[in-house]
Amino acid sequence: MSNSNFDQNREQTPDSDDSVVRPVADPSSKLVSLGQYPFWQGVAPAVGVGFLVGLALLLITNLQLAIAGGIGLTVISLSFIHPYLALWLLVIYMPFSGTVTYWLGGGNIVFQAAKDALAIPAMISIFWRLTKQEQPLIIPRALKKPLIIMLSLVFLTLLTINLPLNFADTNPPGRNFLLMGVLGLKILLGYLPLITCTYYMLQTKRDFWRFTRLHVVLAVICCSLGLVQYAMLATGLCQGTDHLLGDALFQATVDAKCFVGGALLYTPSHNAIHLPGTFVSPWQWTWFLIANTFLMLASALADPSPKWRSISFLAMALILISTIISGQSIALLLTPFIVILILAITGLSSKPRRSVLLFLGLLLITGISFILFPNFIRGRIDAAINWWQASPPISFITNQLQIVSQDKTLLGHGLGRATNSTRIFGETRLIEAYYPKLLYEIGILGVAAFLGLVTVITVVTFRVWRSLTQKRWQCYAACFWLFILLISYQSYYYPLDVVPIAIYYWMIIGATLRLPILEQEDIRESTSEV
């Protein structure tokens with residue numbers, strides 16, 4: 001795309017105190033929608049190289065690693081050649097990654113990193129092509145300064161804390177604090193480029209409907225598989241953990257995996273149930289259900305197709321049922337609150353009749369569930385109440401913060417040193433609240449910078465919501481912004497460190513920033529029809 005063409009294909013849209021250049025899709029660009037990909041381009045050499053690498057690995061390792069290596073290299077190559085297609089596949093693969101890892105990969109770390117084989121080459125390819133086309137790389141523009149500050153402080157921690165620790169005399173054998181820091185940096189900010197990638201991926205309304213409806217389909221499939229998982233445990237087809245002794249009765253384990261997903265806890269005799277659904281762990285399943293509450297309500301309220309609104313309502317009902325049977329107290333407490341909050345906001349501002357009908361429908365389903373399964377639902381509610389009384393989230397976070405504050409520093413104790421995923425490079429400290437974890441790793445200055453970064457994101461996406469004029473887009477923006485607000489400032493557990501939130505958060509930010517252009521497309525089409 002030449003400079004002159006780019007100048008003719010852009011528009012100014014305010015999304016912060018200053019304006020940001022919002023590019024309009026060039027129909028000749030092969031970056032844009034899924035239907036424009038010459039898919040077979042580059043497939044043959046990528047598959048050929050992957051086959052040769054897999055064959056070489058077979059000669060020096062085992063069959064499982066050979067297959068993983070060959071397929072992995074093929075996926076990386078194709079992700080770079082077809083980056084936007086790779087992002088669509090990432091959205092599809094992610095909810096099933098736990099099932100693939102433990103049922104096909106035997107828990108191998110190569111399968112756990114499969115999402116990065118789709119995401120990282122795609123992000124690199126997209127930024128490289130955007131640079132060639134002279135398109136903005138940082139969207140919104142207001143994100144540039146806080147991002148530079150954040151990256152500067154993080155790299156300062158990496159170079160002045162992690163690097164010296166790596167060469168210290170007291171460093172035990174087998175530890176690598178530098179690699180721990182690099183992996184910690186990737187976990188902290190590695191998926192942030194998905195904001196820009198998703199912004200350009202959703203070029204048209206058709207792409208946006210594909211994006212939201214794909215999430216609806218995935219929610220229906222995953223929740224249905226989760227229901228089958230619970231049924232198999234309840235009927236004895238899977239043994240669960242009720243036959244174990246001592247502390248094992250209350251610990252999720254991969255050995256008890258059932259039908260889909262990974263580690264689970266199923267000890268109904270002690271009212272202890274934590275199911276993983278299709279994910280590796282129950283916590284990931286919890287945040288999948290919470291995130292999809294926002295997405296399903298948005299589609300149920302604002303999708304232009306009555307058929308898809310009905311399917312979205314079904315998906316929302318399945319999420320509520322899955323929330324009850326999963327045994328995750330935080331989801332059971334948050335999901336009804338999210339539903340009421342979203343329906344209240346959208347009902348007051350954009351979709352009053354539809355919000356009321358949706359609320360009544362969900363209330364009817366909940367009432368029928370209480371009538372049919374009173375003892376079971378009461379048990380889940382009692383478990384949630386007991387969990388809250390035993391360890392109230394606010395008190396828990398405060399306690400974690402007090403522990404970390406005893407040895408807080410300006411630059412922290414090193415990136416990745418309290419992140420579970422970096423355990424392969426050495427022992428990590430267990431801190432189970434997000435901002436206390438960040439305070440330990442990157443210090444007071446790093447936490448302040450991160451708060452500044454997410455605050456800019458929250459403010460900019462709020463302004464996007466308030467700038468929209470059509471009710472449909474207002475509804476999507478409201479649901480997306482509430483999700484962004486929740487994830488930006490919540491500190492209980494660390495959902496931003498793991499899938500699905502580590503992916504969903506950044507992609508939904510990009511989708512939200514795209515809404516003004518999609519609304520303009522909608523207005524132009526409506527005007528031309530008149």
Side-chain angles (χ1 to χ4, degrees), residues 10-16 19-25 32-33 139-140 142 195-196 198-216 291-309 311-313 315-316 338 341-358 457-486 504-530:
R10 69 179 181 179
E11 57 191 25
Q12 297 283 346
T13 304
D15 71 340
S16 62
S19 60
V20 60
V21 176
R22 294 276 181 111
V24 177
V32 291
S33 64
I139 296 175
I195 297 175
T196 299
T198 307
Y199 177 86
Y200 286 102
M201 182 176 78
L202 305 180
Q203 287 284 312
T204 65
K205 290 192 302 179
R206 181 182 177 185
D207 295 324
F208 183 80
W209 303 138
R210 182 186 293 118
F211 181 75
T212 55
R213 291 167 183 175
L214 177 59
H215 282 287
V216 172
N292 274 277
T293 301
F294 294 92
L295 296 171
M296 296 310 104
L297 285 173
S299 293
L301 290 167
D303 195 289
S305 167
K307 177 184 72 175
W308 280 103
R309 288 200 300 271
I311 298 173
S312 302
F313 174 79
M316 189 63 238
I338 293 168
L341 179 63
I342 288 179
L343 293 180
I345 290 176
T346 56
L348 289 173
S349 61
S350 58
K351 300 280 184 182
R353 181 173 176 274
R354 199 170 289 171
S355 296
V356 171
L357 290 175
L358 184 59
I457 288 171
T458 304
V459 171
V460 169
T461 50
F462 177 79
R463 289 177 176 174
V464 167
W465 168 28
R466 303 312 299 165
S467 71
L468 300 172
T469 57
Q470 292 192 329
K471 292 181 178 180
R472 171 175 295 122
W473 303 109
Q474 286 178 345
C475 184
Y476 275 110
C479 294
F480 290 175
W481 179 77
L482 288 170
F483 170 76
I484 293 166
L485 178 68
L486 170 68
Y504 283 168
Y505 177 72
W506 307 110
M507 295 193 83
I508 289 176
I509 293 169
T512 305
L513 296 171
R514 192 72 194 182
L515 292 179
I517 292 181
L518 301 179
E519 184 187 56
Q520 291 169 15
E521 177 190 348
D522 208 7
I523 293 172
R524 285 194 299 269
E525 289 182 1
S526 300
T527 304
S528 63
E529 290 175 1
V530 174

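Residues that satisfy the ring-ring contact (aromatic ring centres under 6.0 Å, His included) test with Y505, not counting sequence neighbours, are absent from this structure. Shown here are the ring-ring contact (aromatic ring centres under 6.0 Å, His included) partners of F313, two or more places apart in sequence or in another chain: there are none. Scored by the side chain to side chain donor-acceptor pair (under 3.5 Å) test, R206 finds no partners at all (sequence neighbours excluded). W473 pairs by the side chain to side chain donor-acceptor pair (under 3.5 Å) definition with Q470, D522, not counting sequence neighbours. For E521, the side chain to side chain donor-acceptor pair (under 3.5 Å) criterion is met by no residue, not counting sequence neighbours. Partners of S312 under the side-chain contact (heavy atoms from CB on, under 4.5 Å) rule, at least two apart in sequence or in another chain, are V216, S299, A300.
Rounded to the nearest 0.5 angstrom, K205 NZ and L515 CG are separated by 13.0 Å. Considering CH2 of W481 and CD1 of I345, their distance stands at 7.0 Å, rounded to 0.5 Å. In this structure, the separation between CZ on R472 and CG on D303 is 7.5 Å, given to the nearest 0.5 Å. For the atom pair CZ of R514 and CG of L202, the computed distance is 7.5 Å after rounding to the nearest 0.5 Å.
Ring geometry for F462 versus W465: interplanar angle over 60°, hence perpendicular rather than tilted (30 to 60°). Between F211 and F208, the ring planes are tilted. Angles from 30° to 60° get that label.
A donor-acceptor contact shorter than 3.5 Å is absent between the side chain of T198 and the backbone of I195.
Here the shortest heavy-atom pairing between T512 and V464 reads O-CG1, 3.3 Å.
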